[in-house]
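Only one structure is covered here, and it is reproduced in the block below.
Only this structure's heavy atoms are used, side chains among them; waters, hydrogens and symmetry mates stay out. These numbers come from a predicted model, not from an experiment. Naming: A, B, ... by sequence-line order, numbering from 1 per chain.
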Amino acid sequence: MRWLTYFILAYVALGVQVALKGFMDIRGAEPNLVLLVVIFLAVNAGREPALLGAFMLGLMQDLLTLNPLGTWAVAYGLVAMFVLSTQEVVYREHPLTHFSLGLSSGILCAVVLMIHGWIYPLIHGGGRSGAVGLFASAIYTAILAPIILGVLQRMKKVFVFRRRT
Amino acid sequence: MSQLRFNHVFLGLMGLGVVTSYFIPPWITRRAEGKADVLLVPVSKPVRAIASGLIDKYGSKPLPPGQTRERTHSEVFTENEQLRQEVAWLTRQLEELKLVEAEQKRLGSLLNYFKLVDVIGGDATPGRESLALLPATGVVTSVDAPVMCPEGLVGRFVEGGRVRLITDPGSLVIGEFGRFENGKWTPLSVPRASVRGIGNNQMKVDHLTMKEIGPLKVGDFVVVDDPSFRDRIIQARPLGQVESIKPQPSKPLFAEIRIQPRTDLKKLTKVLVMKK
């Protein structure tokens, strides 16, 4: 995988994610555009670049949020592991694949953040953050997945993905 | 790198992620935060400006609390006539208001105490509400320093230089209820409330009984009455307006009061930060 192209995509995705905060929400549900980039990497790239790329994307997102460092890194690492396991059994270009991967990955992230939201206040104090919005966010992200992943799939040649057989 | 070695490296990274996200105290990990937002300015600033322009032009304007429909032309015309008469009456009252003006001059306008700072973007986590600000000189960015906008209090600085909004889940500010009658602030005989953020640009109060909030109505205001804000200028600044009042389903004797700021704080493009 071309790492320069990866970093450019990560930069744009993170920039757009923080810029559109509050402008794209529907009844409190907000899309997670960075998650779609993680899914795109995990569906197309080899095992090691996908896992590392997803982890680093999560780490970068952790620098742009109130959540503690490492939260999104762990979540996206788990998402990449899950999506990698489905690489051989899904049609990578099909919109239904994009929707289902977006939904299941979003739910996985919501569960990770929800568990973190329960345990973290017990250790460090403070109030519990809401989790209902995360599941709504998963549905919203899944609806956007066929569009955004469809566009990214057309650009996959730029990344020069090489998968080990 | 062999697959086995990579697995060990990745497992180590995930383990490190779990340790930092659960066990390391936030004052250590947040030192790394707050620096990366500035790097995204070339992307986030134009995107946010475009989104803000589109929303202003084509977005629906939410109705203020207490209003259930758009007003008709005749209602607006009637209101304009009433306002013209009121302006004529208020002009004669100007002399009496000079005493109030003298007190306001002593405090000065908001811009004497605050500086306008650009917002780079929001929080990257869906459901969390914070803002990242462009670095500015001559302003107070220490932890718990307040951030304002013309409509009222926006939030406080946290470690890492981000601004945690008053609507972020778990955020807490103590407030006082009141209403404006004939242009005058009238506190209500309702106990001070812990106003807690619940996300989605909303806050709530759920520890007062239905009896205690007797005189409270939809559309009334909540203002800051929090001793944790040491600066006097923050006290009595608006937090928001009461959007709904209803008994809690699980505890019918207690009220659930939903409060909304007068503007969507996540969409702010500029905020006011206290000068040093």
Side-chain angles (χ1 to χ4, degrees), chain A residues 11-12 14-25 27-32 34 47-48 51-52 55 58-75 77-78 81 113 116-117 119-121 123-124 126-134 136-138 140-141 164, chain B residues 1 3 6 10 13-14 16-26 29-30 32-37 39-48 51-52 54-55 120-130 132 158 160 162 164 168-172 196 198-201 264-268:
Chain A
Y11 181 79
V12 171
L14 288 164
V16 171
Q17 175 78 11
V18 297
L20 292 180
K21 177 79 175 188
F23 293 99
M24 277 186 74
D25 58 338
R27 293 183 177 267
E30 299 161 16
N32 188 348
V34 184
R47 189 169 173 274
E48 285 104 3
L51 290 173
L52 264 180
F55 188 86
L59 210 58
M60 287 187 264
Q61 186 163 346
D62 283 327
L63 297 175
L64 304 169
T65 176
L66 286 172
N67 282 349
L69 198 66
T71 315
W72 281 110
V74 169
L78 292 172
M81 285 163 66
L113 262 73
H116 182 270
I119 298 176
Y120 191 81
I123 301 173
H124 298 288
R128 219 183 263 182
S129 46
V132 174
L134 293 169
S137 165
Y140 192 172
T141 307
R164 275 189 199 169
Chain B
M1 190 188 285
Q3 190 158 345
F6 176 82
F10 186 70
L13 284 173
M14 291 288 276
L16 195 64
V18 169
V19 167
T20 54
S21 65
Y22 282 88
F23 301 109
I24 306 273
T29 57
R30 282 207 175 130
E33 295 170 12
K35 318 275 186 300
D37 306 273
L39 298 173
L40 298 175
V41 166
V43 172
S44 63
K45 208 155 189 275
V47 170
R48 201 167 174 84
S52 181
L54 287 171
I55 289 285
I120 296 172
D123 197 294
T125 299
R128 295 304 303 267
E129 307 200 355
S130 69
V158 294
R162 299 191 73 86
R164 188 183 186 191
D168 183 55
S171 174
L172 199 63
R196 186 180 299 276
I198 55 171
N200 196 19
N201 203 49
D264 193 337
L265 301 179
K266 290 178 293 186
K267 290 182 182 161
L268 288 172

TODO: Give me the one residue out of A:Asn67, A:Val34, A:Val18 that meets side chain to side chain contact (heavy atoms under 4.5 Å, CB included) with A:Gln61.
DONE: A:Val34

TODO: First locate atom CE of B:Met14, then atom CG of A:Leu51, and finally report the distance between them rounded to the nearest 0.5 Å.
DONE: 8.5 Å

TODO: Measure the spacing between CZ of B:Arg162 and CG of A:Leu64 and express it to the nearest 0.5 Å.
DONE: 6.5 Å

- [ ] Flag the one option from B:Leu39, B:Val19, B:Leu16 with the top tally of heavy-atom pairs under 4.5 Å to chain A.
- [x] B:Leu39

Open item on the list: Tell me which of these, B:Val158, B:Leu13, B:Ile120, has more heavy-atom pairs under 4.5 Å with chain A than the rest.
Closed with: B:Leu13

- [ ] For B:Ser21 and A:Pro68, indicate whether the former's side chain and the latter's backbone hold a donor-acceptor pair under 3.5 Å.
- [x] no

Task: Sidechain-backbone polar pair: A:Gln17 side chain, A:Asn32 backbone, donor-acceptor under 3.5 Å - done: no

Open item on the list: Checking A:Asp25 against B:Asn200 for the side chain to side chain contact (heavy atoms under 4.5 Å, CB included) test, could you report, in this order, the C-alpha distance in whole Å, the side-chain angles of both residues, the deciding distance, and whether it holds?
Closed with: CA-CA 9 Å; A:Asp25 58 338; B:Asn200 196 19; 4.3 Å; yes

Give, as side chain, backbone, both or neither, the part of [X] having an atom under 4.5 angstrom from any heavy atom of chain A.
X        : result
B:Phe10  : side chain
B:Leu265 : neither
B:Ser52  : both
B:Pro42  : both
B:Asn201 : neither
B:Ala132 : neither

Task: Region of A:Phe55 that comes under 4.5 Å of a non-hydrogen atom in chain B - done: side chain

- [ ] Please look at A:Leu59 and chain B and tell me whether the side chain, the backbone, both or neither of the residue comes under 4.5 angstrom of a heavy atom of that chain.
- [x] neither

Task: Most contacts with chain B, counted as non-hydrogen pairs under 4.5 angstrom, among A:Ala73, A:Gly77, A:Ala29 - done: A:Gly77

Task: Distance-only polar pair, side chains of A:Thr65 and B:Arg128, donor-acceptor under 3.5 Å - done: no

Open item on the list: Let's go through A:Tyr11 and A:Met60 carefully: what are the C-alpha distance in whole Å and the side-chain angles of both, what is the deciding distance for side chain to side chain contact (heavy atoms under 4.5 Å, CB included) to 0.1 Å, and is it a yes or a no?
Closed with: CA-CA 9 Å; A:Tyr11 181 79; A:Met60 287 187 264; over 6 Å; no

